[in-house]
Structure formats: C-alpha cells, structure tokens
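Report on the structure given below.
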There are 2 protein chains.
Amino acid sequence: MHSGLVASRSADQRGSRESRNGSPQLDAVSLAIIEQLQEDGRRPYAAIGKAVGLSEAAVRQRVQKLLDQGMMQIVAVTDPLTVGFRRQAMVGITVEGDVEAVADALAAMSECEYVVMTAGSFDLMVEVVCEDDDHLLDVISKRIRAIPGVRSTESFVYLKLKKQTYMWGTR
Amino acid sequence: MHSGLVASRSADQRGSRESRNGSPQLDAVSLAIIEQLQEDGRRPYAAIGKAVGLSEAAVRQRVQKLLDQGMMQIVAVTDPLTVGFRRQAMVGITVEGDVEAVADALAAMSECEYVVMTAGSFDLMVEVVCEDDDHLLDVISKRIRAIPGVRSTESFVYLKLKKQTYMWGTR
DNA sequence: GTCAGAGCTACGAAATCCGCAGGGTGTGAA
DNA sequence: TTCACACCCTGCGGATTTCGTAGCTCTGAC
C-alpha cells in the first residue's frame with residue numbers, strides 16, 4: 001500500500017512554478033510525463049522515463065507529486081450510457097448573486113460529474129449522470145433549482161456520446 | 001471461498017452480453033472492476049481481484065478485454081487550463097440535415113475533446129480545447145461553422161473548472 | 001562559507017505483471 | 001445423449017516493475 005499521507009506542501013521547486021492565479025505551472029518534462037500517461041495510464045515508469053529522459057525513480061516521484069497535488073488523476077473512463085446510467089444531460093444554469101457559491105453547491109452533488117463556470121448566456125454548465133428519467137427529473141427540478149441563487153436552468157439530454165478524448169498535447 | 005460467488009454468477013457466466021442495440025452490456029463483476037479503476041487507475045490487479053472476488057489473472061484478462069473493446073480507457077486527466085491550454089469552451093450547435101454526419105466531422109477535429117448528440121435547443125454539444133483566443137476563434141468561426149449542415153453555434157467560454165469526476169457507481 | 005530544501009540517480013528487495021497450460025461449464029449440432 | 005467448441009477461470013513460474021532509501025548536486029537564504 002502506498003497510502004502515505006505525505007503532507008507535501010506546494011513549494012516552489014524546479015519542476016513547477018507559481019503563476020498569477022496561484023495554480024502551479026508545469027515544466028516541459030512533467031508535461032511530457034502527462035502526455036505519456038494520457039496515452040496509457042498504466043505505462044511503466046521506466047518506459048516513461050526513457051521517453052522523457054529521466055530515470056524510473058524520478059518519473060515515479062514526479063507522478064506521485066502530481067497526484068498528491070491533485071493536478072492529475074489516473075482513472076478509468078467509460079461511456080456512462082454503457083455502464084448502466086441511462087440518462088445523462090448537460091444543464092446550463094443562470095445565476096443571480098454569487099456564482100461560485102452555486103458552483104460549490106453543485107459540485108457537492110454526487111450526480112454532477114462536471115461543473116464549470118462559463119461566460120455566455122449561461123453562468124454555469126453542469127454534466128449530470130443519472131440512472132433513469134425519474135432520477136434526472138428529481139436532480140434537475142428539485143435539487144438543482146432549489147439551490148439559492150439559481151435563476152433558471154436549461155437541459156440538454158444526451159442521446160449519444162460520439163467522442164471522448166484526453167490527449168491534448170499529443171497533436 | 002469462491003463457491004458462493006461462482007454459484008450466484010452461474011446464470012450469467014459471460015462477462016458481457018449483447019443488448020438490443022448491439023453494444024455489449026457489462027456484468028456486475030466487470031462493473032466492480034471499473035469502479036476500482038475509477039478510484040485508482042493503477043491499482044494492482046491482485047488488489048482488484050481481492051475486492052471483486054476474482055483471481056489476479058482473471059482481472060487482468062477482463063481489463064485487457066475492456067480496453068481492447070474500447071469500452072474503457074485508463075488515462076491521466078488534468079485540468080487543461082493548468083496544462084497550457086488557455087482557452088476552453090463548450091459549443092452548442094444546431095444542425096439542419098444529418099446530425100450524425102456533422103458529429104463525425106467534429107469528432108475528427110483534434111481540438112474537439114468531447115462530442116455528444118443531445119435533445120433540446122442544441123443538436124450537438126462540443127467541448128473545444130484551444131491554446132489561445134486566436135486558436136479558439138479560428139476553430140469556432142472558420143472550422144466548425146464551415147461544416148456542411150451546421151446552422152448556428154453558441155459558445156460558452158470556460159472561466160473556471162470546478163469539478164471533474166469519474167466515479168459513478170461509487171456512491 | 002554554511003545550511004537547508006528540492007530533485008535526481010543508483011540499487012537491492014518486494015511486489016506485480018505476464019504468458020501459458022489445465023480444467024470446468026455452458027451451448028449447439030449430430 | 002454425446003461430442004466439439006468457445007469461453008472463462010485458476011495456478012504457477014519467470015520477467016518486469018514498483019518501492020524505499022541513501023548519496024549526490026544545485027540553488028537560494030543567511
């Protein structure tokens with residue numbers, strides 16, 4: 001098990017650098033590591049090291065830090081429609097008042113897989129994953145619209161997922 | 001120790017079964033494996049096997065098949081905004097004529113990370129990842145609007161990504 | 001100069017991955 | 001019924017990978 005609670009505080013190190021909004025910026029090597037893991041999340045550290053010019057241990061330490069910092073996650077992704085979730089929808093939301101507070105409330109809902117603040121005729125866009133129509137109806141009309149500050153919602157029920165990629169950079 | 005599980009699974013021995021639309025459906029064990037890998041894409045096969053009641057080799061074979069069939073991918077995911085892509089947007093598209101043909105054309109564009117057919121006031125929703133404003137402008141006004149059948153587009157530029165999860169099932 | 005922190009390499013031990021042989025259980029044809 | 005076949009699982013070596021750690025270098029602060 002490697003569940004160590006390593007309290008690695010984000011200091012200014014050679015691998016990353018602070019930008020103006022506080023989120024650490026990645027250097028070229030870490031970017032190359034991420035590209036490798038975007039192609040195959042289980043690729044061995046030694047193979048990654050050979051591709052980016054680092055030793056196996058160095059790659060391992062960088063990956064562990066990226067995971068600890070929450071800047072990257074290595075996960076299995078599927079099309080939810082093939083995994084038993086029959087109803088998915090993108091919901092556009094307009095807000096009066098504190099947008100970020102509404103976003104936090106949405107992020108706390110397990111059915112909301114994806115929450116993003118946007119510019120345009122919606123203030124927020126949320127991807128909702130539900131088991132069936134009743135569940136979706138409940139989430140949208142009861143739970144989301146009940147959040148203080150939500151002015152209106154518009155739903156776009158998914159009919160078919162055509163593409164899903166995680167390989168920016170490799171192009 | 002495995003007799004009970006095997007017995008309860010005897011009716012549905014195969015890992016996958018054809019459904020009405022031709023896409024293979026997953027059984028409970030493969031779902032459990034996916035859940036494990038949604039928590040940690042690098043979790044060892046033996047640990048997964050212990051959690052779902054299968055041997056290490058069986059888990060490995062099932063995972064390999066899920067990957068080969070394209071039903072699951074194990075990848076690193078990040079917030080593109082922290083990885084050098086400054087501009088991201090969700091684009092809603094209305095189509096006249098063959099929606100699927102337009103969707104295929106969009107899926108062929110490397111900047112389109114996510115393409116989904118929807119019901120509602122948009123026929124398609126597309127997530128676009130770009131390096132800067134010029135790039136985004138080029139993609140939306142020149143490339144997307146040039147696709148035959150695209151009637152109109154509406155863009156929602158990302159300001160901040162608040163949540164990104166891949167853990168349906170584990171709730 | 002000296003010290004502390006961060007990152008890298010090297011390396012042995014432990015754990016994991018991999019390929020393959022063998023066996024059990026359904027299914028469908030004769 | 002009986003047989004052949006497909007499918008999936010288990011077990012087991014050997015190869016590979018992961019893991020933890022010690023030692024080195026570089027940089028910035030004092």
Q) What is the distance, rounded to the nearest whole Å, between atom CG of B:Leu26 and atom C1' of D:dC8? A) 16 Å
Q | Which residue lies more 5' along DNA chain D, comparing A:Gln61 with A:Arg42 via nearest heavy atoms | A | A:Arg42
Q | Given DNA chain D, 5'-ward residue of the pair A:Tyr45 and B:Ser55, judged by closest heavy atom | A | B:Ser55
Q) Could you state the NZ-C1' distance from B:Lys50 to D:dT10, rounded to the nearest angstrom? A) 16 Å
Q) So, the side chain of A:Ser30 versus the backbone of A:Leu26: is there a donor-acceptor pair under 3.5 Å, distance only? A) no
Q.
What is the separation between atom CG on B:Asp27 and atom C1' on D:dC8, rounded to the nearest whole Å?
A. 11 Å
Q. Does OP1 or OP2 of D:dC8 have a side-chain N or O of B:Lys65 closer than 4.0 Å?
A. yes
Q: Check whether any side-chain heavy atom of A:Phe122 lies under 4.5 Å from a side-chain heavy atom of A:Thr94, and answer yes or no.
A: yes
Q) Of the nucleotides D:dT18, D:dG11, C:dC17, which has the atom closest to the B:Ala57 side chain? A) D:dG11
Q. Taking CD from A:Glu56 and C1' from C:dA15, how many angstroms apart are they, rounded to a whole number?
A. 13 Å
Q) Can you tell me how far P of D:dT10 sits from CZ of B:Arg62, to the nearest Å? A) 9 Å
Q: By nearest nucleotide on DNA chain C, pick out whichever of A:Ala58 and B:Arg60 is the more 5' one.
A: A:Ala58
Q: Starting at atom CG of A:Leu54, determine the distance to atom C1' of C:dT9, rounded to an integer number of angstrom.
A: 10 Å
Q | Whole-Å gap separating P (D:dT18) and CZ (A:Arg43) | A | 12 Å
Q.
Show the nearest heavy-atom pair for residues A:Val83 and A:Asp79, with the distance to one decimal.
A. CG2-O, 3.4 Å
**Q.** Distance-only side-chain donor-acceptor flag, A:Tyr166 / B:Gln73, under 3.5 Å
**A.** no
